[in-house]
2 protein chains.
Amino acid sequence: MGTPEELLDRTLLLTTLLSADMDAFSERTGLSQARIHLLWVLGAEGPVTQRALAAALGVTPRNVTGLVDGLERSGHVTREPHPDDRRALLVTPTALGAEVVATLTAGHRDLADALFGSLSAADRRRFGAMLDDVVASLVQALEEQR
Amino acid sequence: MGTPEELLDRTLLLTTLLSADMDAFSERTGLSQARIHLLWVLGAEGPVTQRALAAALGVTPRNVTGLVDGLERSGHVTREPHPDDRRALLVTPTALGAEVVATLTAGHRDLADALFGSLSAADRRRFGAMLDDVVASLVQALEEQR
DNA sequence: AGAAAAGGTGAAGTAACTTCACGATGAGGT
DNA sequence: ACCTCATCGTGAAGTTACTTCACCTTTTCT
């Protein structure tokens, strides 16, 4: 109990569970992970160009075209002309899209409370500090192997 | 600093980084995530039927057929007849496949050490305990919302 | 022996990705 | 003004990971 590998496995278990949580949301809304992710970014950044979305999502611009196509069909976003640049389009959430975003952020908050709300402030600080260390180690490990 | 939401965000960052690490491995080996996952299970369980793989991976048996097709083409596994059941096939790693599995488990160990090796035993225990609590909370949250 | 269940695959379809080519617009230098 | 070059989005074509449904073969159960 408490070996590095056990900790890693438990962390990986956590990631699978988190992804299960997202899948549940996905099922409830009928939206794919990719489209939810796009809406999430849209909620954080407000109306943006597809190019910006591609950068934020880490995918090619061409792929964003397809995702926006789907979200437009399902009535979650619209493509508005960019006021200053006639090449660009501003992807904008509709009322329905904004509603999903609101549900999304509410779910995020609820999940955070469910997971960490019961911890004492001191424990949260300790956990956060350790998490930071782990993240830093991981970033370093990633850079080294490249 | 240290609010539940910040902790969740940092945890999500950790999952992103872990997935980046897997992507890096994927790139190095030229194998997709799905095929690596299959090989990983194969490494843990030894030669098994496709049915068993489907259950372990949480996908349909039909999908496993396709994944094994790919791994067979790339020379990582073979389909051996099952000694007791002529319907079934035993997916078996080749020498190349076994090598990838070995690299995989070595990478897993190295990553665990890189992330948690520098922590004191007491810290590891504390972190593990908190991780357990968080996982338990998450499991409960998942059950409630269903 | 006969029915039902289990193992694997063909066929067909969806979604998320990619690269490459191309048309339209914007921006900078001369 | 003009030409070049970068940038925004999309059509075309292809890959991979998935799904469901139908089907054949073999095992298992009564």
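First the proteins, then the strands, lettered A, B, ... as listed; each starts at 1.
Residues B:Asp21 and A:Leu142 meet the side-chain proximity criterion, which asks for heavy atoms closer than 4.5 Å.
Under 4.0 angstrom from either OP1 or OP2 of C:dG8 there lies no side-chain N or O belonging to B:Arg79. For B:Thr65 and C:dT9, the shortest distance from a side-chain N or O to OP1 or OP2 is below 4.0 Å.
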Practice prompt. Any chance you could lay out the side chain to side chain contact (heavy atoms under 4.5 Å, CB included) test for A:Thr60 and A:Asn63, step after step, and finish with the verdict?
Written response: CA-CA 5 Å; A:Thr60 56; A:Asn63 189 25; 3.6 Å; yes
TODO: Let me see the working for B:Thr3 and A:Phe116 under side chain to side chain contact (heavy atoms under 4.5 Å, CB included), right down to the final yes or no.
DONE: CA-CA 8 Å; B:Thr3 71; A:Phe116 305 110; over 6 Å; no
Test log, rule salt bridge (charged side-chain N to carboxylate O under 4.0 Å, His left out), inputs B:Arg109 and A:Glu5
CA-CA 6 Å; B:Arg109 193 175 11 78; A:Glu5 275 195 277; 5.0 Å; no
So A:Glu80 and A:Leu89, side chain to side chain contact (heavy atoms under 4.5 Å, CB included) or not? Walk me through it.
CA-CA 6 Å; A:Glu80 304 293 335; A:Leu89 298 171; over 6 Å; no
Please lay out, stage by stage, how B:Leu39 and B:Val77 fare under the test side chain to side chain contact (heavy atoms under 4.5 Å, CB included).
-> CA-CA 9 Å; B:Leu39 280 178; B:Val77 305; 3.8 Å; yes
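Two end axes, each from the C1' atoms of five base pairs, can be drawn for the helix from C:dA1-D:dT30 to C:dT30-D:dA1; they diverge by 20°, to 10 degrees.
Here the straight-line distance linking atom CG of A:Leu67 with atom CD1 of A:Ile36 works out to 11.5 Å at 0.5 Å rounding. Atom CZ in A:Arg51 sits 11.0 Å away from atom CG in A:Asp85 (nearest 0.5 Å).
Between B:Asp69 atom CG and D:dC18 atom C1' there is a gap of 14 Å when expressed in whole angstrom units. For the pair B:His82 NE2 and C:dA6 P, the interatomic distance rounds to 15 Å; values are reported in whole Å. Nucleotide C:dA24 holds its P atom 15 Å from the CG atom of A:Leu89, rounded to whole Å. Separating the CD1 atom of B:Ile36 from the P atom of D:dT16 is a distance of 14 Å, rounded to the nearest angstrom. Nucleotide C:dT14 holds its P atom 18 Å from the CG atom of A:Leu31, rounded to whole Å. With rounding to whole Å, A:Gln33 atom CD is found 13 Å from D:dC18 atom P. When the C1' atom of C:dT14 is taken as reference, atom CZ of A:Arg73 falls 11 Å away, rounded to whole Å.
Residues satisfying the salt bridge (charged side-chain N to carboxylate O under 4.0 Å, His left out) test with B:Asp9, not counting sequence neighbours, are none. When the ring-ring contact (aromatic ring centres under 6.0 Å, His included) test is applied to B:Phe25, no partner is found at least two apart in sequence or on another chain.
Against DNA chain D, the stretch residues 43-63 of chain B makes heavy-atom approaches under 4.0 Å through B:Val59, B:Thr60, B:Arg62, B:Asn63. Within residues 12-28 of chain B, no residue has any heavy atom closer than 4.0 Å to DNA chain C.
Across all their heavy atoms, A:Gly43 and A:Val101 have their closest contact at CA-CG1, 3.7 Å.
Taking the six-membered ring where tryptophan is involved, the planes of B:Trp40 and B:His108 are tilted, since the angle between them lies from 30° to 60°.
Cluster membership for A:Leu8 and B:Val41, using ILVMFWY side-chain heavy atoms within less than 4.5 angstrom, is not shared. Two different hydrophobic clusters hold B:Leu18 and B:Leu31 under the rule that ILVMFWY side chains link at heavy-atom gaps under 4.5 Å.
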All N/O contacts under 3.5 Å from nucleotides 23-27 of chain D to the protein, with atom names and distances to one decimal?
unit_1	atom_1	unit_2	atom_2	d
D:dT27	OP1	B:Arg86	N	2.8
D:dT27	OP2	B:Arg86	NH2	3.3

